[in-house]
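To start, I am sharing the structure in question, which I have written as structure tokens.
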Amino acid sequence: MSRPSRLVVLAGPTAVGKGTVAAAVRERHPEVWISVSATTRAPRPGEVDGVHYHFVSDEEFDRLVAADELLEWATVHRVARYGTPRLPVERALADGRPAMLEIDLQGARQVRRTMPEALFVFLKPPTWDELVRRLVGRGTEDEEQRERRLATAREELAAEDEFDVAVTNHEVHQAAEELVALMTLGHGSAPSERSAAPGGS
Ligand code: 5GP
């Protein structure tokens with residue numbers, strides 16, 4: 001049961017903090033290789049092409065899809081397309097490096113089909129109320145948008161059962177350390193909780 005899992009796929013509901021946890025792993029564990037996704041969305045202030053994302057045009061994204069250069073891809077929040085370049089993942093794995101993808105649920109489901117041997121980790125909020133706070137806390141959405149986001153979050157949380165293991169994001173560094181432990185120890189012996197206990201938050 002306890003096998004080292006080189007490729008970890010990290011997914012979870014919107015606003016749970018996947019990006020922040022991945023950034024903490026990047027900062028504290030340079031031995032872990034983290035995939036840089038291609039995206040059609042525009043860079044945010046401070047984001048560097050080739051570091052945070054490969055920022056590409058719609059045409060270039062079409063080409064990547066047509067050439068089968070993406071391991072998975074999805075349209076996220078109906079706004080932009082995101083995908084994982086296939087070759088760098090294969091190289092990292094061939095080099096024997098622990099590797100991680102931080103992607104959305106649709107992408108995780110695709111990787112589940114093509115690389116079922118990966119370890120699928122669901123990042124979850126400490127409680128439903130905490131997720132609601134992170135989702136709507138900014139107060140910039142109107143009532144309808146808020147309802148839609150909450151409905152999506154409810155659906156996304158229900159996906160936990162599809163994953164091998166769940167890590168609760170109580171605090172970013174604790175979650176990052178649990179993830180790294182899962183990569184290096186294998187999930188049979190990691191300190192994380194198993195995905196079980198519906199309503200246990
Ligand atoms: P953001 O635009 O805030 O950086 O990311 C938005 C969402 O896109 C996040 O949920 C993130 O996990 C997801 N995402 C980032 N890269 C990829 C990718 O390569 N593939 C998929 N399917 N989703 C991604």
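Residues take their numbers from the sequence shown, with the count starting at 1. Counting convention: from 1, in listed order, for ligands and their atoms alike. The analysis underlying the following values was restricted to heavy atoms, covering all of them including side chains, and did not include hydrogens, waters or symmetry mates.
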- Which protein residues have a heavy atom closer than 4.0 Å to any atom of ligand 1, listed by chain and number?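 Lining ligand 1: Lys18, Ser37, Arg41, Arg44, Tyr53, Glu72, Ala74, Val76, Tyr82, Gly83, Thr84, Glu102, Ile103, Asp104, Gly107.
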
- Query: Will you find, in the side chains of Glu156 and Thr14, an N or O donor that is under 3.5 Å from an N or O acceptor?
  - Reply: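 Glu156 vs Thr14: donor-acceptor pair found between side chains.
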
- Query: Which value, rounded to the nearest 0.5 Å, describes the distance between Glu178 atom CD and His170 atom NE2?
  - Reply: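 One gets 7.5 Å once the value is rounded to the nearest 0.5 Å.
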
- Query: What heavy-atom pair brings Pro125 and Leu157 nearest, and what distance separates the two atoms?
  - Reply: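 So the two residues come closest at CD-CD2, 3.8 Å.
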
- Atom pair CD (Glu117) and CG (Leu7), whose distance is rounded to the nearest 0.5 Å: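 It is 7.5 Å, given to the nearest 0.5 Å.
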
- Query: For the residue pair Phe55 and Arg41, what are the closest heavy atoms and their distance?
  - Reply: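 Reported closest heavy-atom pair: CD2-O, 3.2 Å.
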
- Work out which heavy atom in Arg63 is nearest to a heavy atom in Glu69; give both atom names and the distance.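 For Arg63 and Glu69, the tightest heavy-atom pair comes out as NH1-OE2, 3.3 Å.
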
